[in-house]
Every structure is written in structure tokens, then in C-alpha cells.
There are 4 protein chains.
Amino acid sequence: MTSSKVTSSVKDEKLIQHRRNQMIKGAVALFKEKGFHRTTTREIAKASGFSIGTLYEYIRTKEDILFLVCDSIYENVKVRMEAAFVTENATTEHLMEAVRAYFFLMDEMQNEVVIMYQEMKSLSKEAQEYVIKKEKAMVRMLENLISDSAPCQLKTSDISLIANNIFIQGQMWGFRRWMLQKDFTITSYTERQVHFLLAGLGVSERQVAANGSKYS
Amino acid sequence: MTSSKVTSSVKDEKLIQHRRNQMIKGAVALFKEKGFHRTTTREIAKASGFSIGTLYEYIRTKEDILFLVCDSIYENVKVRMEAAFVTENATTEHLMEAVRAYFFLMDEMQNEVVIMYQEMKSLSKEAQEYVIKKEKAMVRMLENLISDSAPCQLKTSDISLIANNIFIQGQMWGFRRWMLQKDFTITSYTERQVHFLLAGLGVSERQVAANGSKYS
Amino acid sequence: MTSSKVTSSVKDEKLIQHRRNQMIKGAVALFKEKGFHRTTTREIAKASGFSIGTLYEYIRTKEDILFLVCDSIYENVKVRMEAAFVTENATTEHLMEAVRAYFFLMDEMQNEVVIMYQEMKSLSKEAQEYVIKKEKAMVRMLENLISDSAPCQLKTSDISLIANNIFIQGQMWGFRRWMLQKDFTITSYTERQVHFLLAGLGVSERQVAANGSKYS
Amino acid sequence: MTSSKVTSSVKDEKLIQHRRNQMIKGAVALFKEKGFHRTTTREIAKASGFSIGTLYEYIRTKEDILFLVCDSIYENVKVRMEAAFVTENATTEHLMEAVRAYFFLMDEMQNEVVIMYQEMKSLSKEAQEYVIKKEKAMVRMLENLISDSAPCQLKTSDISLIANNIFIQGQMWGFRRWMLQKDFTITSYTERQVHFLLAGLGVSERQVAANGSKYS
DNA sequence: CATGAATGAGCGTTCATTCAT
DNA sequence: AATGAATGAACGCTCATTCAT
């Protein structure tokens with residue numbers, strides 16, 4: 001669905017969607033390499049396969065492109081996460097499997113994550129809030145899963161803390177790759193983080209690891 | 001000590017140090033608000049209390065300012081951390097106290113931390129490596145403390161993982177303030193993170209919390 | 001033909017040629033008056049009839065403009081010289097007529113010549129060599145003509161010397177105008193220089209001057 | 001003698017002279033390499049062996065330095081030429097010997113000559129006129145010698161032309177070195193130019209070359 | 001007399017954005 | 001709907017000149 005936050009002078013919704021996908025793909029590659037500010041609109045147009053004039057038929061300002069990129073990242077993450085999250089009668093195993101899915105997703109989306117971390121500040125206050133809202137919604141999903149699956153009663157603030165810890169541990173796999181990716185693979189990283197998570201929750205690992213995971 | 005990585009055309013070392021401190025202070029305030037790229041050298045000069053010409057007597061390029069800022073952040077953190085870290089016969093209590101000191105430091109340095117996260121990419125590859133080296137050295141300090149104080153034998157990769165988790169949990173207090181600082185104060189945040197850390201290490205909290213902390 | 005040494009971001013070759021001619025014309029007028037260094041790119045843009053942004057669509061650096069000017073001067077001189085030079089069965093009369101044509105051309109192009117003399121040093125080493133090559137090619141044309149038309153056998157080094165003398169005598173009409181243009185017109189200057197040239201070659205003037213010149 | 005055209009805030013005439021000589025020496029070396037505009041006053045101060053503040057005690061503007069350099073060049077040439085010029089009962093041999101002396105001087109002063117050609121335009125109109133006056137005076141010296149020594153009656157305009165030809169032939173040895181200094185040494189160059197000069201004057205070489213020259 | 005830190009006008013260059021075709 | 005030439009505000013940086021010490 002077209003991000004209605006960004007206006008276009010073109011009418012054909014299908015075309016808008018198509019062109020914007022081209023733009024996002026081109027922009028992510030460029031932002032990853034040079035960052036938002038060092039990337040010019042001309043470069044984005046070229047990488048997207050059309051002219052600077054055409055680019056401006058589908059956005060109003062350069063910031064719109066960054067917004068489109070950020071929005072698209074969250075959309076992708078959201079779709080993938082919803083597929084991995086069980087919402088009813090969740091067990092600790094469900095939680096662990098969701099965490100694993102999230103970590104593997106973060107591995108796939110390292111570049112996008114780094115972009116989010118580095119360029120979010122370049123968005124307008126308004127757009128930042130929109131994006132933060134999306135991040136909060138995702139954390140809430142995780143909180144619900146923790147809450148549902150927790151073996152014992154946890155304080156809501158503790159649930160929130162654990163959810164946030166998991167979230168940034170997933171993201172840090174990407175933005176601290178220079179620190180982590182010599183000692184770990186995504187598989188071993190995931191396994192050990194899950195291990196400490198369980199320990200933190202006071203769950204014996206044996207209880208959970210009985211049946212294997214998709215991700216190990 | 002003057003950062004010898006950045007050359008100045010002024011000879012008086014004392015003056016260089018003084019002027020650069022002015023620059024760093026001014027630049028941090030501006031970078032925090034608008035980011036590195038949106039801040040102009042003229043604005044930095046003005047915020048530092050001198051003219052654009054004088055600014056360039058103490059640096060060669062705008063990037064030098066960012067480097068000076070990053071370098072100064074690490075220098076400050078390092079000095080403070082070294083004071084908080086026990087290096088001999090460390091106990092779990094020592095570790096916890098060091099973690100608390102680190103979290104409170106991160107609370108003080110929120111703006112600087114956010115700048116580091118967002119602008120490090122704007123440094124030259126060379127300067128990035130220099131800064132990463134400093135970050136790695138600090139993580140190593142923490143690893144040593146964990147290793148020394150651990151109640152049981154831990155794998156070195158696990159030690160590294162725990163150290164990194166602690167590190168980014170401290171940093172995340174700043175860069176995810178919009179998420180955390182409604183539900184927590186730095187004190188409660190620190191307490192709960194320490195709680196889960198101990199749980200992860202398999203240490204009973206009662207054993208440790210007996211004598212109160214400076215930070216609670 | 002567009003000077004392929006200088007790149008442009010505009011694609012239309014015809015337009016490039018047109019805009020560059022405007023630039024050259026404007027730049028020559030300004031360089032003549034204030035020299036290359038004292039002329040700003042904004043002034044050149046204005047004198048060319050377009051904005052500073054447009055100027056930079058057709059060049060990459062200010063030095064490119066100087067190169068374009070120098071290149072264009074040589075191109076013009078070359079075209080004019082080739083038209084004036086006989087290449088087969090040349091007689092002394094042909095040589096004299098070519099020299100006269102050259103002197104009159106130098107009279108027309110005084111400003112350009114002065115610019116070349118004063119600003120060539122401002123070109124990059126690479127561009128200087130390119131321009132020197134062109135100058136050498138032109139001297140060679142003259143050498144050939146001298147060689148062909150000489151009444152007696154001359155040493156090649158003498159031919160080269162004579163050619164160079166003629167060349168700078170033509171140029172000096174422009175760059176020493178404050179010395180020469182009170183006592184001479186271009187016609188009388190040409191006539192006397194030709195006179196001494198013939199004397200130097202050991203040719204009686206009567207033999208040559210029989211049939212009048214276009215230039216007297 | 002101190003160039004009274006340039007004012008100094010220092011009183012001690014001896015010191016002024018000393019400092020200015022340092023400046024000229026440093027400046028010539030720099031101008032030769034990078035030209036007047038690309039050379040900074042700081043560089044000149046450094047090359048002169050004192051500070052930028054001191055530099056400005058002995059001149060008022062950067063242009064003053066260029067003027068000092070130009071003036072000094074002419075002063076040197078003048079002194080040397082006056083020594084080489086016979087003013088009474090001059091013969092063709094005297095003329096030839098003076099020309100040879102001039103050519104060898106131009107060989108020595110190539111850098112200075114090139115600077116004069118390229119940077120004179122950077123002087124103020126007033127200073128240019130002053131320098132041109134000096135050049136004219138020198139040409140006049142040569143004209144007088146030609147006039148005195150000429151074997152036959154020459155028109156004054158022809159004398160002027162010949163003097164100018166000699167002058168720029170000497171200078172061209174320096175500013176066209178890339179063209180001439182592969183085929184000639186200063187000795188052979190001088191000899192051949194003298195040869196053609198004599199031919200132009202209608203003098204048989206044998207009459208003159210009888211007794212050898214200091215310069216061959 | 002000598003120093004060198006301070007100044008700021010002014011330069012070359014970039015690039016987001018527009019709009020006629 | 002697509003193009004790309006045109007625009008000019010704004011940036012990073014330089015350097016001649018001054019003046020307090």
C-alpha cells in the first residue's frame with residue numbers, strides 16, 4: 001500500500017507503488033554506502049532507473065525518500081514478525097522461536113537496521129514520531145508474547161525491559177558487526193542470547209530445548 | 001592532551017587545548033540538535049565563541065571537529081570507567097558496582113552517545129577504525145572484570161557477549177529514551193538490568209545486594 | 001567540436017558547444033581585464049549570460065574554463081593558419097605572405113595572446129603539456145614552410161630558430177603593445193619585420209616585393 | 001637603495017633593505033614555482049625567515065612584494081647591462097658583445113623573466129607603468145648602442161624594432177625553454193641569433209667575428 | 001621591532017528543486 | 001508521465017590583513 005504520508009503528482013496508484021519500490025531499493029543501497037546526506041537525489045534517480053525529473057513526480061522532498069525507506073523497513077519487519085509470532089496459548093518455546101526468527105531477520109536486514117539507526121535523526125520531527133510509533137508497536141507485540149508465555153508472573157516494566165533488550169540485541173548484531181561477527185555466526189549468536197534470556201527468565205534450558213528449532 | 005591526529009596551525013598547545021574544548025562543547029550542543037551534516041562550520045564557530053577563521057586555525061576540515069568530539073567522548077568515558085573498575089580480586093559485587101557506574105555515566109552522556117551512534121559513519125574510514133579501537137578497548141576492560149569476578153567458569157565468547165550486552169544496554173538508555181524513560185528512572189533501569197544480568201550469570205541476588213550500592 | 005578533455009553533466013552536445021562558446025567569450029573579456037585569478041566564477045557565469053549553477057553544468061572546475069579558453073585560442077589560430085599556409089611548391093613569396101597573415105592574425109587576437117602568456121602557468125601540468133604540444137605543432141608548420149621555400153639550404157636548428165623568432169615577433173605585437181603600437185601600425189610593423197626576415201635569409205627584397213601583398 | 005615606492009613602518013633603512021632582500025629572495029623562489037596568486041603571504045614570510053607580522057612591518061600589501069620583486073629584477077638587469085654597454089665610439093663588435101652579455105644574463109635570470117611575464121598584470125596600473133618605464137629605459141640603452149654602432153644609417157623606427165627583437169629574443173630563451181633548450185645551448189643560441197642579427201643589419205659576419213668573444 | 005592569534009570577506013563548488021518541453 | 005537543463009542559496013574553506021602582547 002502506498003505510503004499516504006508522501007504525496008505524489010502522479011495519479012496511477014500502481015505506478016506510484018512501482019516507482020517507489022525502485023526508489024527504495026536504489027536508495028537503500030546508496031544510503032548503506034554513503035549515508036543519507038552524502039547521497040544526492042540525482043544518484044538516487046539514477047540508481048532507481050529514471051531521471052531526476054521523474055523522481056520528483058513521486059516525492060516532494062529528499063526527506064520523503066528517507067521516510068519511504070524507513071517506512072518500508074518497518075513494513076517488512078512487521079510482516080515477517082507477524083508471521084513468526086503466535087498470539088494464542090503461547091509457550092516459552094514459542095517465545096524462543098519468535099526471538100530466533102527475529103534475530104535471523106535482523107541478520108538479513110543489517111544494512112537497513114544500520115540506516116535506521118544513523119539516519120532517523122534526519123527525518124522531520126513528525127516523521128520521526130510516526131516511525132517511533134511503529135517501533136513501539138513492534139515492541140508491544142513482543143511484550144505480549146513474553147507476557148503470554150512467561151512461566152511466572154512478571155512486572156509489566158520488567159516485561160518491557162526484556163522486550164527492549166531482545167530488540168536491541170537483534171539490532172546490535174548488525175550495528176556492532178565489527179565487534180561480534182568475528183566470534184559468532186548468527187546461529188551461535190542467537191543460541192547464546194537465547195540461553196541468557198532463558199536464564200534471566202529463570203527457565204531451565206532443558207525444558208525448552210527438547211524439540212529442535214528451525215534456526216539451529 | 002591534544003589529539004595529535006588533528007593538526008593545528010597554532011603553536012601554543014595550551015591554547016589549542018582550550019579552543020578545542022570550546023569547539024567540542026559548542027559542537028556537541030549543535031550536533032545533538034541538528035546532527036553533524038545539518039550543522040555548519042560557521043554555526044560551530046559561533047557556538048564556540050570565535051570566528052570561522054579562528055575555527056580553521058585549530059582544525060583542517062569539518063570532519064576534524066567530529067573526530068575531536070568522538071575522541072573526547074571516549075576519553076571522558078575511559079577516564080571515568082577506569083576510576084570505577086577494580087582490577088584485582090574482583091568480586092561479583094565489584095562487577096555490579098562497575099555496571100552501575102557505567103549506566104549512570106551513560107545517563108550523563110546521553111547526548112554524546114546518540115551523536116556517536118548517528119555520526120560515526122560520517123568519519124573517514126581511518127578515523128572510524130581509531131574510534132572502534134577505543135570502543136573495543138573499553139569492552140575488553142569490562143570483559144576482564146567479568147572474567148575475574150565470575151562465580152563460575154564462563155566461555156570467553158560468552159564473556160564477550162555479556163560485556164557487549166551490558167555496553168549497549170547502557171547506551172540504549174540514551175538512544176531509546178523515548179521508549180524507556182517513561183517507565184524507568186536511571187536508578188530503576190539500572191537496578192532491573194543488574195537484576196537480569198545476575199540472573200543470567202546464575203547468581204542469587206541476595207548474595208550480592210547485602211551491602212547497598214552508591215547508585216541506589 | 002567539443003573539447004573532450006573537459007567533462008560536462010549536460011548531454012546535448014550542440015548545447016554544450018553553444019554554452020561553452022558563450023563561456024569562452026565572456027571569460028576572455030574578463031581574463032583580459034583582470035586576469036584569471038582575479039576573475040570569479042560568478043563573474044564568468046554572469047558574463048556568459050547564465051547562472052553559476054549552469055556554469056558548473058558545463059565544466060568541473062574553474063581551471064577547465066581557462067583550458068577551454070586556451071584550447072579555443074589554438075583552435076582558432078590553427079584553422080586560420082592552415083588556410084594561409086601553402087604546403088606544396090612553396091616560394092619565398094608564399095612564406096612572406098604566410099608571415100603577414102600570421103602577424104595580422106596576432107593583431108586580431110592580441111587579448112587572447114596576452115592571456116595565454118600570462119595564465120598558461122595556472123593550468124595543470126597535464127593541460128600545460130597539451131597546450132605546449134599544440135604550440136609546437138604550429139611552429140612545425142612554419143618550419144616546414146620555411147624549409148620548403150628557403151632559397152638556400154638551412155640547418156634544421158636555424159630553421160627552428162627562425163620559426164620561433166617569427167612566432168614571438170607576432171605575439172610580441174600584442175604583449176608589448178605599449179612599446180610598439182605608438183611607432184607602428186600592424187601594417188608597418190609587419191612590413192619591417194618581413195624586411196629584416198628577408199635580410200636575415202639573405203634574400204633581396206626586390207625579388208619578392210614585385211607583386212603586392214594582401215596585407216600592405 | 002630602498003624602493004621608496006613601498007612604505008614601511010620600520011625606520012632603520014639598513015634593516016629595511018636587509019629584510020626586503022630576504023623577502024625578494026624567498027618570494028622569487030615561490031613565485032617561480034607556484035606563481036604570485038597561489039603563493040600566500042605566510043609562505044613568503046616563512047621562506048624569508050620571519051613571521052607574518054614582521055613581513056607586514058616592511059610592506060603594506062601583498063602586491064608590494066610583487067612590486068619589490070619586479071623592481072629588483074630590473075635593477076639587477078640594469079646594473080649588469082650598464083657594465084656591458086659601451087657608450088662611446090661603439091662599433092658593431094661592441095654591439096654584438098653587448099647582445100651576447102644580455103643573452104647570457106637572460107639565461108641566468110630565466111626564472112625572474114618568466115615571473116615578470118606572468119605576473120606583471122597583477123601589479124596595479126601605477127606600478128605597471130613604473131615597471132614599463134624601466135623596461136623602456138633599457139630598450140633605449142640598446143637603441144643608442146645600435147644607433148651608435150650601426151654601419152649605415154637606420155631609421156629610428158627600425159632601430160627600435162631591432163632593439164625590441166633583441167630584447168624579446170633574450171627573454172624568449174627563458175619563457176620558451178620547452179621549445180628551445182633541447183636544440184640549443186645558451187652559447188649556440190646566442191651565436192645563431194647574433195648571426196641573423198648581423199645578417200639583418202647587412203653586416204658580413206667575417207668583419208666582426210675576427211676577434212673572439214667572451215661568450216663563445 | 002617582532003610575533004602569531006584573530007578576523008571575516010570572499011571564493012569555488014554543490015545540489016535540492018523547478019519547469020518548459 | 002517523463003525528461004534534464006537551469007537555478008541560486010548555501011556550504012566548506014582560504015588567506016590578506018590587523019593588532020594586542
Side-chain angles (χ1 to χ4, degrees), chain A residues 8-12 15-16 19 37-46 49-65, chain B residues 8-12 15-16 19 37-46 49-65, chain C residues 8-12 15-16 18-19 37-46 49-65, chain D residues 8-12 15-16 19 37-46 50-65:
Chain A
S8 164
S9 69
V10 174
K11 303 287 169 232
D12 183 341
L15 190 52
I16 293 179
R19 289 277 185 251
H37 280 104
R38 290 210 197 296
T39 303
T40 68
T41 51
R42 274 170 171 80
E43 287 172 321
I44 295 170
K46 195 172 188 181
F50 38 76
S51 73
I52 183 67
T54 301
L55 184 79
Y56 271 88
E57 295 286 325
Y58 296 93
I59 53 159
R60 270 177 325 103
T61 69
K62 189 188 175 189
E63 201 213 288
D64 282 349
I65 305 173
Chain B
S8 164
S9 70
V10 172
K11 294 173 179 174
D12 184 340
L15 190 53
I16 293 178
R19 290 277 182 254
H37 280 104
R38 290 211 196 293
T39 303
T40 69
T41 52
R42 274 173 177 80
E43 285 172 324
I44 296 169
K46 196 170 189 182
F50 36 74
S51 72
I52 182 67
T54 300
L55 182 79
Y56 274 91
E57 293 281 323
Y58 296 92
I59 53 160
R60 268 174 333 101
T61 69
K62 188 187 176 191
E63 202 212 286
D64 281 350
I65 306 174
Chain C
S8 164
S9 70
V10 172
K11 294 172 179 176
D12 184 340
L15 190 54
I16 292 178
H18 177 59
R19 290 279 182 252
H37 281 104
R38 288 211 198 294
T39 303
T40 69
T41 51
R42 276 171 178 78
E43 286 171 324
I44 296 169
K46 196 170 189 181
F50 36 73
S51 72
I52 183 65
T54 300
L55 182 78
Y56 274 90
E57 294 282 322
Y58 296 91
I59 53 159
R60 268 176 331 101
T61 68
K62 189 187 176 191
E63 202 212 288
D64 281 350
I65 306 174
Chain D
S8 163
S9 68
V10 173
K11 305 287 168 230
D12 183 341
L15 190 52
I16 293 179
R19 291 274 186 253
H37 280 104
R38 289 210 198 295
T39 303
T40 68
T41 51
R42 274 170 171 79
E43 286 172 321
I44 296 168
K46 195 171 188 182
F50 37 76
S51 72
I52 183 67
T54 303
L55 183 80
Y56 272 87
E57 295 285 325
Y58 296 92
I59 53 159
R60 269 176 329 99
T61 69
K62 189 187 174 190
E63 201 211 289
D64 281 350
I65 305 172

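Numbers restart at 1 for each chain; the letters A, B, ... are given by sequence-line order, proteins then strands.
Nucleotide E:dT13 holds its C1' atom 15 Å from the CD atom of C:Glu63, rounded to whole Å. The separation between B:Arg60 atom CZ and F:dC13 atom C1' is 12 Å, rounded to whole Å. Spacing between atom CD of C:Glu43 and atom C1' of E:dC11 amounts to 11 Å, rounded to whole angstrom units. D:Lys46 places its NZ atom 14 Å from the P atom of F:dC15, with the value rounded to the nearest Å. Regarding A:His37, its NE2 atom lies at a distance of 15 Å from the C1' atom of F:dG12, rounded to whole Å. Counting to the nearest Å, the P atom of F:dT14 and the CZ atom of C:Arg38 are 20 Å from each other. Between the CD1 atom of C:Ile44 and the C1' atom of E:dG12 there is a distance of 11 Å, given to the nearest Å.
At its two ends the helix from E:dA2-F:dT21 to E:dT21-F:dA2 runs along axes set 0° apart, each axis drawn from five pairs and the angle rounded to 10°.
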Pairs under 3.5 Å (N/O, protein and nucleotides 4-8 of chain E):
unit_1	atom_1	unit_2	atom_2	d
E:dG4	N7	D:Gly53	N	3.1
E:dA5	OP2	B:Lys11	N	3.3
E:dA6	OP1	B:Arg19	NE	3.0
E:dA6	OP1	B:Arg19	NH2	2.3
E:dA6	OP2	B:Tyr58	OH	2.4
E:dA6	N6	D:Arg42	NH2	3.2
E:dT7	OP2	B:Ser51	N	3.3
E:dT7	OP2	B:Ser51	OG	3.4
E:dT7	OP2	B:Thr54	OG1	2.8
E:dG8	N7	B:Gly53	N	3.2

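At least one donor-acceptor pair under 3.5 Å links the side chain of D:Lys62 to the backbone N or O of D:Thr39.
With rounding to the nearest 0.5 Å, the separation of OG1 in C:Thr41 from CD in C:Glu43 is 8.5 Å. To the nearest 0.5 angstrom, B:Lys11 atom NZ is 11.0 Å from B:Ile16 atom CD1.
In this structure, A:Thr39 reaches the sugar-phosphate backbone alone: every heavy-atom distance under 4.0 Å involves primed, P, OP1 or OP2 atoms, never a base.
Distances shorter than 4.0 Å separate some side-chain N or O of C:Tyr56 from OP1 or OP2 on E:dT13. Phosphate contact (OP1/OP2 of F:dA16, side-chain N/O of D:Thr41, threshold under 4.0 Å): present.
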Using residues 53-60 of chain C as the side-chain source, report each donor-acceptor pair under 3.5 Å to any protein atom, sequence neighbours left out, with the distance given to one decimal.
unit_1	atom_1	unit_2	atom_2	d
C:Thr54	OG1	C:Ser51	OG	3.2
C:Glu57	OE1	C:Ser9	OG	2.7
C:Arg60	NE	C:Thr7	OG1	3.1

